[in-house]
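The block underneath contains the structure these notes are about, expressed in structure tokens.
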Amino acid sequence: MAIFLAGPESDSRLTLAKSFGIQQTGGLDLSFLSLPRPETAEGHLFFENTHNVPRETTGAQDAIAKLDLNYYIPCRAQKSTVALLGLGKTIEGDFLSSEDVELLETLAGYVAIAIQNARLYASLEQKIAQYERLKDFNENIVESINVCVLAIDLEDRIESWNSQMEVMYALPRWQALTRPLGEIFPQDFVQEFYRLRQSPGIHNLYKFRLATPTGEVRIVNVAIAPLVTKKFSVVGRLIIMDDITERVELETQLSQADKLSSIGLLAAGVAHEVNTPLAVISSYAQMLSKQLQGDEQKSGLLDKITRQTFRASEIVNNLLNFSRTNAAEFTEVDLNRIITDTLNLLEHQFKTTRVLVHDDLAEHLPMIQGNAGRLQQVFLNLFLNAKDAMPSGGTLKVSTANGDGVRVVISDTGTGIAQEHIQRIYDPFFTTKTSPQDGQRHGTGLGLSVTYGIIQEHAGKIRVESTPDSGTTFYLEFPLMRKAVNV
């Protein structure tokens, strides 16, 4: 016996799929099975003598003889022949009875259905495999791109959360999936999302400050687009976030450097010209003051003139320091020692203003390449600013640590810096000390500008975090000193 399977719908040729008791199965001309015959339409094809079939072609005669099958019963499903059952005589050499043939014809119908189901199942498996490959391919694209992607359904539940979202937002995928958007993101972002969702199309949020669960604030560009099917029906929303925090910081540094460069050129040209008339005014004011010692009213006015000329001279000297372009001499310096010396220098001022100092200086702190005088000016400015921010007393904390570089953290418990002023504190002549209280200095707006320039000169970084009424913290980083290695 044997079973012959038909090909796909576009190919009706039959091939030998399985056989039992047949010696030769290869190289057979099976075209005779595909020919339309009235016998097949009636039920089955019958060859009484497989070695004498004169009506068939030579190739068909040879195949019929080698197969030695007398009965070819079609297996039909939905009016289509999907296979043929080929059977020979019984073991005793007799032909099959009419009952046997009827039973086989009935069985052939079930065989056809089974074959068709198997083919449908195989086709379904193939489509599932293709779908899985396409799904994996699409997921790989979403996971590989360097932007944050999340998708939400029509009920604002998160359905997709790629690896960049995990990194940027510091929240694992399993904690975000299936949860409502309002439970994951801060209220200000959710409100913006709901506002933009009311109108159709793609919407953008530029330089949005997104607070993460860790308390960190990331600056992101956000695109919100409808998620549509092939039939253009909306099934959700796609949210794409591009983390530009580092880019914005670099832009800020470049902008700050441009400002400092411009004001430095201006200061260099003006400072020397201003010093001369200031010296003349101060000298004549002091001479007049000596001549009018008996006149308290006029002497008081002259003293005010003298004090203001000294203050103007101090501003000019700061301008000169700020605009100085000549390279300072760099040597090995110990930041711990510079910090300690500066704190000792200000010890009396801290006591009189009731400022407690807590220092946590790391032992065996590596040396850095720098200029001790300019670095002391940096810490002097930062310590005095901290003192001025605590007019009623407070705590100043100074710590150092060693890692990829040498890190210094200076924090106070003062009034803090307003958010609208954070971006401007390094601008020349920007100051909030326009009305100083007792114990405070009148600000010139050059202290932090000079500080920023000195830190840049030392290839370092400075960063500030501040909350109004909760204090301010400055983070300073300096690169480690590279030592020569003898090979």
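Because the structure is predicted, anything quoted here is derived from the model rather than measured. Note: hydrogens, waters and symmetry copies are ignored here, and every other heavy atom, side chains too, is used.
More than 12 heavy-atom neighbours from other residues, nucleotides or ligands sit within 6.0 angstrom of CD on Gln198. Heavy-atom contacts from other residues, nucleotides or ligands closer than 6.0 Å to OH of Tyr110 number 12 or fewer. Atom CD1 of Ile91 has 12 or fewer heavy atoms from other residues, nucleotides or ligands within 6.0 Å. Annotation for Ile202: atom CD1 does not count as buried by contact number, only 12 or fewer foreign heavy atoms lying within 6.0 Å. Residue-environment remark: CD (Glu48) stays at or below the threshold of 12 foreign heavy atoms within 6.0 Å. Within 6.0 Å of atom CZ in Arg337, 12 or fewer heavy atoms from other residues, nucleotides or ligands are found, so the atom counts as exposed in its surroundings. Dense packing is recorded around CD of Glu132, with more than 12 heavy atoms of other residues, nucleotides or ligands lying under 6.0 Å away. Around the CG atom of Asp404, the shell of radius 6.0 Å holds no more than 12 heavy atoms that belong to other residues, nucleotides or ligands.
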Next item on the list: Give the intermediate values and the outcome of side chain to side chain contact (heavy atoms under 4.5 Å, CB included) for residues Thr57 and Phe32.
Entry: CA-CA 8 Å; Thr57 63; Phe32 71 96; over 6 Å; no

Check: Passes salt bridge (charged side-chain N to carboxylate O under 4.0 Å, His left out), Lys207 versus Glu251? Steps please.
Finding: CA-CA 13 Å; Lys207 292 187 177 180; Glu251 289 174 355; 3.7 Å; yes

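For the atom pair Met390 CE and Thr395 OG1, the distance stands at 7.0 Å (nearest 0.5 Å). Atom CG of Asp242 is separated from atom CG of Asn146 by 7.5 Å, given to the nearest 0.5 angstrom. Put simply, CG on Leu150 and CD on Gln164 are 13.0 Å apart, with the number rounded to the nearest 0.5 Å. Here Lys397 contributes atom NZ and Leu356 contributes atom CG; the two are 11.0 Å apart, rounded to the nearest 0.5 Å. Atom NZ of Lys127 and atom CG of Leu134 lie 14.0 Å apart (nearest 0.5 Å). With rounding to the nearest 0.5 angstrom, the NE2 atom of His44 is 12.0 Å from the CG atom of Leu84.
The side-chain heavy atoms of Thr106 and Glu102, taken from C-beta on, include no pair separated by under 4.5 Å. In this structure, Phe330 and Glu457 have side chains that are in contact, with non-hydrogen atoms separated by less than 4.5 Å. A heavy-atom distance below 4.5 Å is found between the side chains of Val406 and Leu365. Looking at Val234 and Arg237, their side chains come closer than 4.5 Å, going by heavy atoms from C-beta outward. With contacts defined as side-chain heavy-atom distances shorter than 4.5 Å, the pair Asp29/Asp62 does not qualify. The shortest side-chain heavy-atom distance between Val398 and Phe383 falls under the 4.5 Å cut-off. With a 4.5 Å cut-off on side-chain heavy atoms, Leu67 and Ile22 count as touching. Residues Phe379 and Leu343 have side chains not in contact (no heavy-atom distance under 4.5 Å, counting atoms from C-beta outward).
A distance below 6.0 Å separates the ring centres of Phe95 and Phe46. Ring-centre distance between Phe47 and Tyr71: not below the 6.0 Å cut-off.
The nearest pair of heavy atoms linking Pro479 to Ile368 is O-CG2, 3.7 Å. In terms of heavy-atom proximity, Leu480 sits nearest to Gly403 at CD1-O, 4.0 Å.
Side-chain N/O atoms of Glu143 and Ser163 include a donor and acceptor closer than 3.5 Å. Between Thr400 and Asn336, the side chains place a donor N or O and an acceptor N or O closer than 3.5 Å (distance only, hydrogens not considered).
Not a single donor-acceptor pair under 3.5 Å links the side chain of Ser399 to the backbone N or O of Asp359. Side chain of Asn162 to main chain of Val147: a donor-acceptor pair is present (N/O by atom type, distance under 3.5 Å, no hydrogens or angles). In this structure, Gln61 contributes its side chain and Val53 its backbone to a donor-acceptor pair below 3.5 Å.
Screening Leu45, Leu87, Leu107, Val111 against Ile73 for a side-chain contact (heavy atoms from CB on, under 4.5 Å) leaves a single residue, Leu87.
Relative ring orientation between Tyr169 and Trp161 is described as perpendicular, the plane-to-plane angle rising above 60° on a 0-90° scale split at 30° and 60°.
In summary, Arg463 and Glu465 engage in a salt bridge, as defined by a charged side-chain N under 4.0 Å from a carboxylate O. Taking 4.0 Å as the cut-off between side-chain N and carboxylate O, Asp188 and Arg209 do not count as a salt-bridged pair. With respect to the salt-bridge test (charged N to carboxylate O, under 4.0 angstrom), the residues Glu183 and Arg157 do not qualify. Taking a cutoff of 4.0 Å between a charged side-chain nitrogen and a carboxylate oxygen, Glu216 and Arg218 qualify as a salt bridge.
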